[in-house]
Each structure stands twice: as C-alpha cells, then as structure tokens.
Novice: 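Below are the structure tokens for one structure; questions will follow.
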There are 2 protein chains.
Amino acid sequence: MQDNITKLFKAIADPTRRDIFHALVIAASALSITQISNQFEMTRQGVTKHIKTLEEAGLVYIESQGRERFCNANPKELQEVNKWLKFYEKFWDNTLNSLGTYLNSKDT
Amino acid sequence: MQDNITKLFKAIADPTRRDIFHALVIAASALSITQISNQFEMTRQGVTKHIKTLEEAGLVYIESQGRERFCNANPKELQEVNKWLKFYEKFWDNTLNSLGTYLNSKDT
DNA sequence: TAATTTAGCAACCGTATAGTTGCATATTAA
DNA sequence: TTAATATGCAACTATACGGTTGCTAAATTA
C-alpha cells in the first residue's frame with residue numbers, strides 16, 4: 001500500500017482521527033469501541049474504520065477481552081514524525097528558508 | 001474548507017508533495033514550476049496542483065517574475081506541527097501511553 | 001512580427017476516503 | 001435458554017484526491 005511514515009501522516013491528517021487519538025491519550029484507561037463511539041457524533045462503524053487506520057499507522061493498539069476490544073494510544077509512534085521534522089528544524093530559526101541560503105550564510 | 005493544521009498535515013501526508021517540498025528546501029534558489037517539473041516524472045500540471053496545496057498550507061510561497069513563478073519553501077510553517085507534537089511528547093519518554101498512566105504514576 | 005516558452009484553467013478519469021445502513025456472530029446477563 | 005450487548009463485515013454513497021490531456025494567454029526571444 002504505502003510506506004509507514006505516509007500512513008502515519010495520513011492518519012493524523014484527519015481531524016476526527018486526531019480527536020479520537022487525543023481521547024485515547026487523555027483517557028484514564030483503555031476504551032472499547034462503543035465507549036469511543038459514545039464520545040463522537042458518528043456511527044460505531046465509522047469509529048471502527050478510524051481506529052483501524054490509526055492501528056495500521058501504529059498509533060493505536062488493541063487488547064481484546066471477551067467480546068470487547070479495548071483501544072490504547074501509542075504516542076511513541078509520533079517520534080517518527082518528530083524525526084522527520086528534525087531535518088527541517090534548522091531552517092526555522094534564523095531567517096533560513098532554503099539550504100542555499102543556509103550554505104551561503106556559512107560561506108561569509 | 002478545513003482548518004490550517006489539517007491543511008498542513010494533509011499537505012505533508014502525500015509523498016510526492018514531501019519530495020517537492022524537500023527539493024525546494026535544499027535548492028540553491030527559488031525554482032520555477034517548470035524547473036520543479038523537470039525533477040519529477042509527472043506533468044507540469046500535476047506539479048502545479050501540488051504546489052497549490054503546499055501554498056495553501058503555508059509551506060510554499062511564490063514570487064512572480066515576468067512569466068515565471070518562483071517557488072520558495074517556508075519550513076517555518078512546520079513549527080505548527082512541532083507545536084502539535086509537543087503535547088504528546090511527554091508520553092513517549094518513560095513508559096506512559098496515556099494520561100491515566102501519567103497521573104497514576106504521579107500519585108505514587 | 002512570428003515563434004517559443006512559462007504558465008493557468010477546465011474537463012475528465014480512476015481510485016481512495018469518510019461515512020452510512022443492514023445484517024450476522026459471539027459473548028454476557030437475566 | 002432467551003434477551004441484550006459488543007463487534008465485524010459487506011455493500012453502498014458522495015466527495016476528495018492524484019494525475020492526465022487539451023486549450024488559451026501572456027511574456028520572451030529571434
């Protein structure tokens with residue numbers, strides 16, 4: 001399908017999924033699909049789809065218990081986003097916008 | 001349409017757009033649409049669309065000069081992503097996955 | 001002035017995405 | 001054992017998205 005970092009970016013690109021992920025992070029414990037659905041104005045099946053996307057991106061993992069499936073946030077996965085950002089970090093202090101400017105400034 | 005942070009996340013969620021953005025960041029100077037297109041196996045119109053998305057996300061700005069439109073990277077915009085990440089950062093050191101765990105660990 | 005280059009716009013195509021409804025199934029409670 | 005609950009799966013809809021082709025217009029060069 002697509003590489004991991006793309007899955008990750010696509011997962012957090014959807015506002016509803018960011019909300020669901022956030023709800024899981026601030027939850028006192030793992031939440032079942034139904035419990036999550038109750039917090040959102042959306043059908044349970046809609047939530048299930050989002051959870052699947054988050055799971056495939058590595059942002060959520062699931063522990064089954066009887067008929068229930070408890071969803072946990074895995075914020076560690078966001079470190080991948082952080083890694084990607086790292087390269088561009090050097091361009092947002094100073095007034096550097098491109099590597100050209102960056103190298104030119106080192107020449108002088 | 002959609003809020004800024006969503007536009008930003010969606011812009012970088014596409015691998016081709018990340019490549020174009022990267023090319024602009026490491027470029028020695030601003031690149032015209034045609035110059036960018038030559039670096040990618042895609043039609044100029046395809047690139048134009050991606051540039052527009054990047055522009056609307058604030059990651060690229062354009063300076064027109066005669067018939068040419070020179071594209072510049074604006075990596076500063078990625079600070080917004082960094083801000084979003086900040087909240088979740090505290091959950092990826094230690095073994096905290098959720099705020100529940102986080103608060104429980106403070107209780108003890 | 002004629003030819004070339006840079007680019008925008010519009011229409012179109014195929015696929016992915018967000019979300020729905022309906023139904024089947026397994027687990028738990030009465 | 002019957003009823004209720006939690007969930008998955010499949011089909012469907014509408015819209016967004018990545019990319020293309022074709023055409024037009026403005027700026028530059030010969």
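Chain letters run A, B, ... following the sequence lines, proteins first, then strands; residues in each count from 1.
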Novice: To the nearest angstrom, how far is B/Glu68 atom CD from D/dT29 atom P?
Specialist: 9 Å

Novice: If you look at every strand shown and take non-hydrogen atoms under 4.0 Å, does A/Gly46 touch a base, only sugar-phosphate, or nothing?
Specialist: base

Novice: A/Arg44 side chain N/O closer than 4.0 Å to the phosphate oxygens (OP1, OP2) of D/dT5?
Specialist: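 False: A/Arg44 side-chain N/O out of range (4.0 Å or more) of D/dT5 OP1/OP2.
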
Novice: Check whether A/Gln35 reaches the backbone of A/Ser32 with its side chain - one donor and one acceptor, N or O, closer than 3.5 Å.
Specialist: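 Between the backbone of A/Ser32 and the side chain of A/Gln35 there is a qualifying donor-acceptor contact (under 3.5 Å).
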
Novice: Test your reading of the model: is there a side-chain donor-acceptor pair from A/Arg17 to the backbone of A/Ala11, 3.5 Å cut-off?
Specialist: yes

Novice: Are A/Asn74 and A/Leu59 packed together at the side-chain level, in the sense that at least one heavy-atom pair is separated by less than 4.5 angstrom?
Specialist: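 No, their side chains stay 4.5 Å or more apart.
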
Novice: CZ of B/Arg69 versus P of D/dA25: gap in Å, rounded?
Specialist: 18 Å

Novice: Can you check the B/Met42 CE to D/dT21 P distance for me, whole Å?
Specialist: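 After rounding, the reported distance stands at 12 Å.
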
Novice: Send over the distance from B/Lys7 NZ to D/dC17 P, rounded to a whole Å.
Specialist: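 After rounding, the gap between these two atoms is 11 Å.
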
Novice: Is the terminal nitrogen or CZ of A/Lys90 (NZ for Lys, CZ for Arg) located under 6.0 angstrom from the six-membered ring centre of A/Phe87 and within 45° of that ring's axis?
Specialist: yes

Novice: When the nearest nucleotide of DNA chain D is assigned to B/Val47 and to B/Lys10 on a heavy-atom basis, which residue is associated with the more 5' position?
Specialist: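 It is B/Lys10, whose closest nucleotide lies nearer the 5' terminus.
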
Novice: Quick one: is A/Ser64 getting a side-chain N or O under 4.0 Å of the D/dA6 phosphate, OP1 or OP2?
Specialist: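 No, outside the criterion.
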
Novice: What is the separation between atom CD1 on B/Ile33 and atom C1' on D/dA26, rounded to the nearest whole Å?
Specialist: 15 Å

Novice: Would you say B/Arg17 reaches D/dG18's phosphate, i.e. side-chain N/O to OP1/OP2 under 4.0 Å?
Specialist: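 Yes, because at least one side-chain N or O of B/Arg17 sits under 4.0 Å from OP1 or OP2 of D/dG18.
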
Novice: Which part of the nucleic acid, if any, lies within reach of A/Thr43 when heavy atoms closer than 4.0 Å are counted: base, sugar-phosphate only, or nothing?
Specialist: base

Novice: Find which nucleotide of DNA chain C each of A/Thr53 and A/Gly66 is nearest to by heavy atoms, and output the residue with the more 5' nucleotide.
Specialist: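 Going by which nucleotide is closer to the 5' end, it is A/Thr53.
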
Novice: Between B/Lys49 and B/Arg67, which residue's closest nucleotide on DNA chain D lies nearer the 5′ terminus?
Specialist: B/Lys49

Novice: Assign B/Thr48 to base, sugar-phosphate, or nothing according to its heavy-atom contacts below 4.0 angstrom with the strands shown.
Specialist: sugar-phosphate

Novice: Tell me which of A/Gln65 and A/Asp14 sits closer to the 5' end of DNA chain C, going by the nucleotide each one is nearest to.
Specialist: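 Its nearest nucleotide being more 5', the pick is A/Asp14.
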
Novice: Classify the ring geometry of B/Phe21 against A/Tyr88: parallel below 30°, tilted from 30° to 60°, perpendicular beyond 60°.
Specialist: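 Tilted, since the angle between the ring planes falls between 30° and 60°.
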
Novice: Check whether any side-chain N or O of B/His50 sits under 4.0 Å from OP1 or OP2 of D/dG19, and answer yes or no.
Specialist: yes

